[in-house]
Amino acid sequence: QVQLVESGGGLVQAGGSLRLSCAASGRTFSSYAMGWFRQAPGKEREFAATINWNGGSTYYADSVKGRFTISRDNAKNTVYLQMNSLKSEDTAVYYCASRRGSVTTKPDEYDYWGQGTQVTVSS
């Protein structure tokens, strides 16, 4: 059982930056892979970034690579998503997710989800 709480969403101008946080609690959290997904109105939930909690390996969607950075703070059981050079098409609800074992880009392979936080990029 893992509980996830996102924070840090808001309104930002195109070209600006925003940092999302995901605080996790529960059993044996250090063994879980973490991911960030996003969902815009009328669209499917899509992969943004993922990180292996133990190995520190990171993977990004092509649409965010070079602009977004996923990181972790194990002492705080927290995962971050630093978003730079934001574009209008980044506007979405951003979700933190967790699963045991290795990383994956598929949302249906994650077991636990946060409530989501809205990111709106104005042009």
Side-chain angles (χ1 to χ4, degrees):
Q1 186 76 15
V2 176
Q3 297 80 47
L4 306 173
V5 180
E6 300 105 327
S7 62
L11 176 65
V12 64
Q13 293 184 197
S17 298
L18 210 58
R19 189 198 198 201
L20 306 183
S21 298
C22 174
S25 61
R27 290 174 169 267
T28 321
F29 182 76
S30 62
S31 68
Y32 285 74
M34 304 294 299
W36 285 98
F37 294 79
R38 63 188 188 179
Q39 188 167 24
K43 302 185 71 175
E44 295 289 308
R45 189 168 298 186
E46 67 174 3
F47 167 74
T50 187
I51 186 167
N52 185 310
W53 197 263
N54 290 324
S57 299
T58 60
Y59 302 90
Y60 299 92
D62 288 342
S63 59
V64 309
K65 189 176 179 64
R67 301 187 298 119
F68 290 11
T69 303
I70 187 170
S71 62
R72 67 185 184 275
D73 186 334
N74 290 326
K76 297 180 179 179
N77 287 333
T78 302
V79 173
Y80 305 95
L81 186 68
Q82 178 67 47
M83 306 185 294
N84 299 325
S85 302
L86 284 162
K87 307 173 181 179
S88 295
E89 53 262 45
D90 295 319
T91 295
V93 176
Y94 283 71
Y95 296 92
C96 177
S98 178
R99 72 186 301 270
R100 291 192 63 86
S102 61
V103 298
T104 178
T105 64
K106 300 177 180 179
D108 59 0
E109 294 183 352
Y110 284 79
D111 301 311
Y112 305 100
W113 293 84
Q115 81 287 352
T117 185
Q118 175 70 230
V119 172
T120 302
V121 183
S122 63
S123 60

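At least one side-chain heavy atom of Q118 sits less than 4.5 Å from a side-chain heavy atom of T91. You'll find the side chain of R67 stays beyond 4.5 Å of the side chain of M83, heavy atoms only. The side-chain heavy atoms of V79 and W36, taken from C-beta on, include a pair separated by under 4.5 Å. Within the 4.5 Å cutoff, the side chain of F68 has heavy atoms near those of the D90 side chain.
For the pair S88 and S122, the tightest heavy-atom approach, listed with the atom from each and the gap, is OG-C, 4.4 Å. The two atoms that bring Y60 and A49 nearest to each other are CD2-CB, 3.6 Å, heavy atoms only. The shortest non-hydrogen separation linking V93 to G116 is CG1-CA, 3.9 Å. Here the closest heavy-atom approach between residue V103 and residue N52 is recorded as CG1-N, 3.6 Å. Contact detail for A92 and A40: the closest heavy-atom pair is CB-N, 3.8 Å.
Within 6.0 Å of the CG atom in D62, the count of heavy atoms belonging to other residues, nucleotides or ligands does not exceed 12. Annotation: Y59, atom OH; neighbour count of heavy atoms from other residues, nucleotides and ligands within 6.0 Å does not exceed 12.
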**OP:** Please step through side-chain contact (heavy atoms from CB on, under 4.5 Å) for the pair L20 and V119, ending with a clear verdict.
**Re:** CA-CA 9 Å; L20 306 183; V119 172; 4.0 Å; yes
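A donor-acceptor distance shorter than 3.5 angstrom exists from the side chain of Q115 to the backbone of E6, with no hydrogens or angles considered.
Aromatic ring pairs are classed by plane angle as parallel below 30°, tilted from 30° to 60° and perpendicular above 60°; the pair Y110 and F37 is perpendicular.
Transitive grouping of hydrophobic side chains (ILVMFWY, heavy atoms separated by less than 4.5 Å) brings V64 and L81 into a common cluster.
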